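Here's the structure we're looking at; comments come further down.
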Amino acid sequence: MSFHLQTQGGGAMALAPNHSTDMLIRKLDSIARLSDDERQAIERLPITVRPLVSGQDIVHEHDRSLQCCLLLDGWACRYQLLSEGKRQIFSFHIPGDIPDLQSLHLQVMDHSLCTLTPATVAFIPHAALRDLTAALPGIAATLWRDTLVDAAVFREWMTGMGRRSACEAIAHLFCELYVKLEAVGLAENHRYRLPVTQAELGDALGLSNVHVNRVLKELRDNKLITLHGGGLDILDWAKLSKLCGFDPTYLHLERQAA
């Protein structure tokens, strides 16, 4: 079975469903074990795929959405703008994530979602997701588990902003991103693509650009990381994770991706 997906130019292309849902299956399979029936049902979801540019809003605060977005390629973030124009980033999202899954049950968005890089996004109608979860309670439980993990990540970010030093907070975020990316096969050997600017790190952790720059220099000088060409190499995982007290338990991963 294949679906007709609208391209940016308005034309249609036939796309085997598993090509677009593969990242979602990888993500869900990293936090729960999907059955063959569940995998096939996810592959049959009706989706519309769209390419988006960097910095493009996918969902706005106060929107009433009728669909959820699945990130297929690129990075995105949840954020909120304050009255004086300052931005708080609540989370970074990677391929396989459904960052607005809460819109399935909460009618009005209380924050915005935008791309951090050029991205490919699949839009899944709420009606199709409701039918899927009603027919397969196991998938409903897995999506519920995903939202609980999401809440656990929020708690860690709150701890980082409230009680960790700037150096510890940035180190912890770098460790978290590596483990999440490795779980879906997008990182290995303590190396991964990190298309996040210093300003975006600051917006996520409540730090100034100058402070972020100072911490990154400290981590480099201590030979814990290197940053180059939009990528991050963790040179000493043991020391970096010890520095920030990183414990991946809160990510609740069942198994690493193959």
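Starting from 1, each residue takes its place in the sequence as its number. Since this is a predicted model, take the numbers as computed values, not measurements.
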Margin query: Are F92 and W157 an aromatic pair, judged by ring center distance below 6.0 Å?
Written below: yes
Notebook entry, point to check: H93 and W75: side-chain contact (heavy atoms from CB on, under 4.5 Å), yes or no, with the steps?
Noted result: CA-CA 6 Å; H93 292 279; W75 286 45; over 6 Å; no
Notebook entry, point to check: In terms of hydrophobic clusters joined by side-chain contacts under 4.5 Å, are I170 and L251 together?
Noted result: yes
Next item on the list: Enter the distance from R64:CZ to S103:OG here, rounded to the nearest 0.5 Å.
Entry: 12.5 Å
Next item on the list: Please lay out, stage by stage, how D29 and R39 fare under the test side-chain contact (heavy atoms from CB on, under 4.5 Å).
Entry: CA-CA 9 Å; D29 220 20; R39 287 169 178 263; 2.4 Å; yes
Notebook entry, point to check: Side chain of Q56, backbone of V53: donor and acceptor closer than 3.5 Å?
Noted result: yes
Notebook entry, point to check: Where is the tightest heavy-atom contact between G160 and A169, given as atom of each residue plus distance?
Noted result: O-CB, 4.0 Å
Check: Centroid-to-centroid, Y178 to H190, below 6.0 Å?
Finding: yes
Next item on the list: For the residue pair Q102 and H111, confirm or rule out a side-chain donor-acceptor distance under 3.5 Å.
Entry: yes
Margin query: Counting only heavy atoms from other residues, nucleotides and ligands, does the tally under 6.0 Å from NE2 of H228 exceed 12?
Written below: yes
Next item on the list: Flag the pair L227 / R220 as yes when at least one side-chain heavy-atom distance between them is below 4.5 Å, and no otherwise.
Entry: yes
Margin query: Quick check against the 3.5 Å criterion: does T48 have a side-chain atom that pairs as donor or acceptor with the backbone of F123?
Written below: no
Margin query: Side-chain heavy atoms nearer than 4.5 Å, only ILVMFWY residues, links allowed to pass through others: does that put I94 and F90 together?
Written below: no
Next item on the list: Compare all side-chain heavy atoms of L194 with those of F174 and state whether any distance is below 4.5 angstrom.
Entry: yes
Check: Any cation-pi pair here, R155 with Y250, using under 6.0 Å and within 45°?
Finding: no
Next item on the list: Examine L253 and L173 and state if one hydrophobic cluster contains both, with Ile, Leu, Val, Met, Phe, Trp and Tyr joined whenever side-chain heavy atoms are less than 4.5 Å apart.
Entry: yes
Check: Considering all heavy atoms of both residues, which atom of R33 and which atom of E38 are nearest to each other, and what is their separation?
Finding: O-OE1, 4.1 Å
Margin query: Using the rule given for side-chain contact (heavy atoms from CB on, under 4.5 Å), can you reason through K223 versus D236, listing the C-alpha separation, both sets of side-chain angles and the distance that settles it, and then say yes or no?
Written below: CA-CA 8 Å; K223 301 189 185 308; D236 194 324; over 6 Å; no
Checklist line | Whether N222 side chain and E218 backbone form a donor-acceptor pair below 3.5 Å | finding: yes
Item checked: Nearest-0.5 Å distance, CZ of residue R78 to SG of residue C114 -> 12.5 Å
Note to self: Are D100 and M109 packed together at the side-chain level, in the sense that at least one heavy-atom pair is separated by less than 4.5 angstrom?
What the structure shows: yes
Notebook entry, point to check: With the 4.5 Å side-chain cut-off for hydrophobic clustering, are M161 and L207 part of the same group?
Noted result: no
Note to self: Can you give me the closest heavy-atom contact between V184 and P95, atom names plus distance?
What the structure shows: CG2-O, 4.3 Å
Margin query: Do C68 and H126 make a side-chain contact, defined as non-hydrogen atoms from C-beta onward lying under 4.5 Å apart?
Written below: yes
Margin query: So D57 and L113, do their side chains get closer than 4.5 Å, heavy atoms only?
Written below: no
Next item on the list: Rounded to the nearest 0.5 Å, what's the gap from CH2 on W237 to SG on C175? Could you check?
Entry: 4.0 Å
Next item on the list: Tell me whether L235 is reachable from I225 by hopping between hydrophobic residues (I, L, V, M, F, W, Y) whose side-chain heavy atoms are closer than 4.5 Å.
Entry: no
Item checked: Donor-acceptor contact below 3.5 Å, side chain T21 vs main chain L24 -> no
Margin query: Main chain of A183, side chain of S30: is a donor-acceptor contact present, judged purely on distance under 3.5 Å?
Written below: no
Item checked: Nearest-0.5 Å distance that lies between atom CD in Q40 and atom CD1 in I25 -> 9.5 Å
Notebook entry, point to check: Does one side chain, of D37 or S35, offer a donor that lies under 3.5 Å from an acceptor on the other?
Noted result: no
Next item on the list: Any chance you could measure L66, atom CG, to L104, atom CG, to the nearest 0.5 Å?
Entry: 11.0 Å
Note to self: Can you give me the closest heavy-atom contact between C77 and I89, atom names plus distance?
What the structure shows: CB-CG2, 3.9 Å
Check: Should D221 and K217 be marked as a salt bridge (charged side-chain N to carboxylate O under 4.0 Å, His left out) after you check the CA-CA gap, both sets of side-chain angles, and the distance that decides it?
Finding: CA-CA 6 Å; D221 289 346; K217 182 178 185 304; 2.7 Å; yes
Next item on the list: Taking the side chain as every heavy atom from C-beta outward, state whether E168 and V215 have any pair of such atoms under 4.5 Å apart.
Entry: no
Next item on the list: Give a yes or no answer on whether the side chain of S65 reaches the backbone of Q67 with a donor-acceptor pair at less than 3.5 Å.
Entry: yes
Item checked: Within-4.5 Å side-chain heavy-atom neighbours: T120 and L52 -> no
Notebook entry, point to check: Just how far is it from atom CG of L201 to atom CG of L216, taken to the nearest 0.5 Å?
Noted result: 6.5 Å
Which side-chain N or O atoms in residues 139-149 pair as donor and acceptor under 3.5 Å with protein atoms at least two apart or in another chain?
{"residue": "T142", "atom": "OG1", "partner": "G138", "partner atom": "O", "Å": "2.9"}
{"residue": "R145", "atom": "NE", "partner": "I31", "partner atom": "O", "Å": "2.5"}
{"residue": "R145", "atom": "NH2", "partner": "H252", "partner atom": "O", "Å": "3.0"}
{"residue": "R145", "atom": "NH2", "partner": "E254", "partner atom": "OE2", "Å": "3.0"}
{"residue": "D146", "atom": "OD1", "partner": "K27", "partner atom": "NZ", "Å": "3.2"}
{"residue": "T147", "atom": "OG1", "partner": "W144", "partner atom": "O", "Å": "2.6"}

Next item on the list: List the steps and the verdict of side-chain contact (heavy atoms from CB on, under 4.5 Å) for S91 and V153.
Entry: CA-CA 8 Å; S91 54; V153 172; 5.9 Å; no
Margin query: With salt bridge (Lys or Arg N to Asp or Glu O under 4.0 Å) as the rule and sequence neighbours excluded, what pairs involving residues 191-207 come up?
Written below: R87-D203, R191-D233
Next item on the list: Heavy atoms only: give me the nearest G74-T117 pair and the separation to one decimal.
Entry: CA-OG1, 3.3 Å
Item checked: Donor-acceptor pair, side chain of D247 and main chain of T249, under 3.5 angstrom -> yes
Notebook entry, point to check: Of all heavy-atom pairs between C69 and P99, which one has the smallest distance, and what is that distance?
Noted result: O-CD, 3.4 Å
Check: Does some side-chain heavy atom of H62 sit less than 4.5 Å from a side-chain heavy atom of D110?
Finding: no
